[in-house]
Amino acid sequence: MNAILKGHVKSKSTNKALLLFRNTWRRRRGDDCSIDSYTVLLVLKACMMRSCEEEIKHVHTLVLKLGFHCIVFVQTMLVNAYSGVGLVKDAHKVFDEMRERNVVCWTGLISAYVDNGRPSRALKLFRDMQMENVEPDSVTVTVALCACADLGALEMGEWIHSYVRHKRGFKMDLQLKNAVINMYAKCGDIGAARRMFDDMGGSRNVTTWTSMIVGHALHGQAEEALQLFEEMRSRKHGVMVPNDVTYIGVLMACSHAGLVEEGRRHLESMSKEYGLSPRMAHYGCMVDLLCRRGQLNDAYQFVVDMPIRANAVVWRTLLGACSLQGNIQLGAKVRSQLLALEPDHARDNVTMSNAYAAACMWDAKEMVRAQMKHTRKVPGCSSIELESSVHEFVS
DNA sequence: TTAGGGTTAG
């Protein structure tokens, strides 16, 4: 049964996997239920892929019932499963109950915090782990670098980079090098990112190229980004095939440099040349590009004509541009779309209210303010890094 | 057969 389960999970037929598991459990006879700890790992994986919170809890209960709760593989998988459906507290609780913690389960918990948008907590755990004398391996530092990138924690990122370079016997693999490039680019040291990229020579993969393109784009260096994109596609030795994420970097670069026509061309070429269908993010980039050039009506028409229905983020991009450029009429039209999609999003109403204020339309402003009495704004947050430790502030 | 690694629009 485990072999069949494994096949289902591998081919993403998670429904079949769970049905098989439920039937086996239902048909059990006494102590002989033909479910072992290997089964549990596969079932948890399937639950995670389907985001079934309740099912994970059921399996956890079963784990306790069958006495598998002290097996480190099962415990680690529970940490990952809870984290995968956003239940970080439950993941941490499983971790706390573990008697022996190795590098894999530490890394699992650190990833849980990174994946659920709490990089600061992730870095604290990274330090705790070393205090407990568990040595990080290449996976742990890859995840920790990701936390640094999310936080903009350059000093910590530099410390980790130096740690892996000087630690004897530490193997820096491709994924780790990519994480280093991404960390430097996200933390503002684009020069260091580029040096790493240049040093890697022929060992780069698509992710390496994409990280560097996105890095340049984020820094407003459109020319460098687009040049790299052309280079990767036309190299004599080993052409690189861009993927959909590469195209996000390319469109971001066009957006930051105001290259409307070039952006349109690239958006078209992704399906024509590589058979990649644009996702919401790609259309979002295009809307951003048109907005930044001041072509608000074109942007609106673009959103209406998109082959997929725009989500709130795309409309919000347009609303922000309307507010910034003082186009009240279009702004109101866009806001009504947003009200239908996400009525309780306080920030959209604040944007609209500010736009009315800038146009001295006080009555309209008051009306928006009155409408949002029941919604709550998400507080703004900022952070600063001092001596490799990050301090966060909320206002 | 056993657990962990992302590059993604505002």
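Just so it is clear, the values below take in all heavy atoms, side chains as well, and ignore hydrogens, waters and symmetry mates. A, B, ... follow the sequence lines: proteins, then strands. Residue 1 opens every chain.
- At the heavy-atom level, A:S211 lies under 4.0 Å from the strands shown only through sugar-phosphate atoms.
- The distance from atom NE2 of A:H282 to atom P of B:dG10 is 13 Å, rounded to the nearest whole Å.
- Closest approach to the A:V143 side chain among B:dA3, B:dG5, B:dT7 is made by B:dG5 (side chain taken as heavy atoms from C-beta onward).
- A donor N or O paired with an acceptor N or O is found under 3.5 Å between the base of B:dG5 and the side-chain atoms of A:D173.
- Heavy atoms of A:D150 sit nowhere under 4.0 angstrom from any nucleic acid atom.
- A donor-acceptor contact closer than 3.5 angstrom links the side chains of A:T140 and A:D137.
- Base engagement by A:V314 is indicated by at least one non-hydrogen atom pair under 4.0 Å involving a base atom.
- The base of B:dG10 does not come close enough to the side chain of A:T317 for any donor and acceptor atom to sit less than 3.5 Å apart.
- In this view, A:R22 and A:E55 satisfy the salt bridge (Lys or Arg N to Asp or Glu O under 4.0 Å) rule, not counting sequence neighbours.
- Annotation: side chain of A:V214 is not in contact with side chain of A:I248 (no heavy-atom distance under 4.5 Å).
- Here A:M286 lies out of heavy-atom contact (under 4.0 Å) with every strand.
- As rounded to whole Å, 15 Å separates atom C1' of B:dA9 from atom CG of A:N243.
- Looking at the side chain of A:Y38, the nearest of the listed nucleotides B:dT2, B:dA3, B:dG10 is B:dT2.
- Side-chain proximity of A:N2 to the nucleotides B:dA3, B:dT1, B:dT7 is greatest for B:dT1.
- Atom CE of A:M48 is separated from atom C1' of B:dG5 by 13 Å (rounded to the nearest Å).
- Note: CG (A:L78) to P (B:dT2) measures 18 Å, nearest angstrom.
- Using a 4.0 Å heavy-atom criterion, one finds that A:I110 contacts no nucleic acid atom at all.
- Among the heavy atoms of the strands lying under 4.0 Å from A:K186 are primed sugar atoms or P, OP1, OP2 only; no base atom is included.
- The phosphate of B:dT7 (OP1 or OP2) has a side-chain N or O of A:N182 nearer than 4.0 angstrom.
- Rounded to whole angstrom, the span from the CE atom of A:M212 across to the C1' atom of B:dT8 amounts to 17 Å.
- Across all strands, A:N102 comes closer than 4.0 Å to base atoms (heavy-atom distances).
- Side-chain atoms of A:C146 lie closest to B:dG6 of the nucleotides B:dT2, B:dG6, B:dA3.
- Applying the salt bridge (Lys or Arg N to Asp or Glu O under 4.0 Å) rule to A:E268 yields the partners A:K272; only residues at least two apart in sequence or on another chain are considered.
- The A:K45 side chain lies nearest to B:dG4 when the options are B:dT8, B:dT2, B:dG4.
- Residue-level contact check: A:S255 touches neither bases nor backbone, having no heavy atom under 4.0 Å from any strand.
- The CE-P distance, from A:M232 to B:dT7, rounds to 15 Å in whole Å.
- Of the possible polar contacts, one joining the A:Q325 side chain to the A:C291 backbone as a donor-acceptor pair under 3.5 Å is found.
- If you check B:dA9, B:dG10, B:dT7 against the side chain of A:N311, the one that comes closest is B:dA9.
- Look at CG on A:L145: it is 10 Å from P on B:dT7, rounded to the nearest Å.
- In this structure, CG of A:L296 is placed 15 Å from C1' of B:dG10, rounded to the nearest angstrom.
- Base contact: A:V72 has a heavy atom under 4.0 Å from a base atom.
- Nearest nucleotide to the A:I248 side chain, out of B:dT1, B:dT8, B:dG5: B:dT8.
- Side-chain N/O atoms of A:N178 and A:T208 include a donor and acceptor closer than 3.5 Å.
- One N or O donor and one acceptor, one from the side chain of A:D137 and one from the base of B:dG4, sit under 3.5 Å apart.
- The cationic group of A:R121 lies under 6.0 Å from the six-membered ring centre of A:Y113 and within 45° of the ring axis, placing it in a cation-pi geometry.
- Comparing B:dT2, B:dG5, B:dG4 by their closest approach to the side chain of A:K6 singles out B:dT2.
- Between A:R347 and B:dG10 there is no side-chain polar atom (N or O) within less than 4.0 angstrom of OP1 or OP2.
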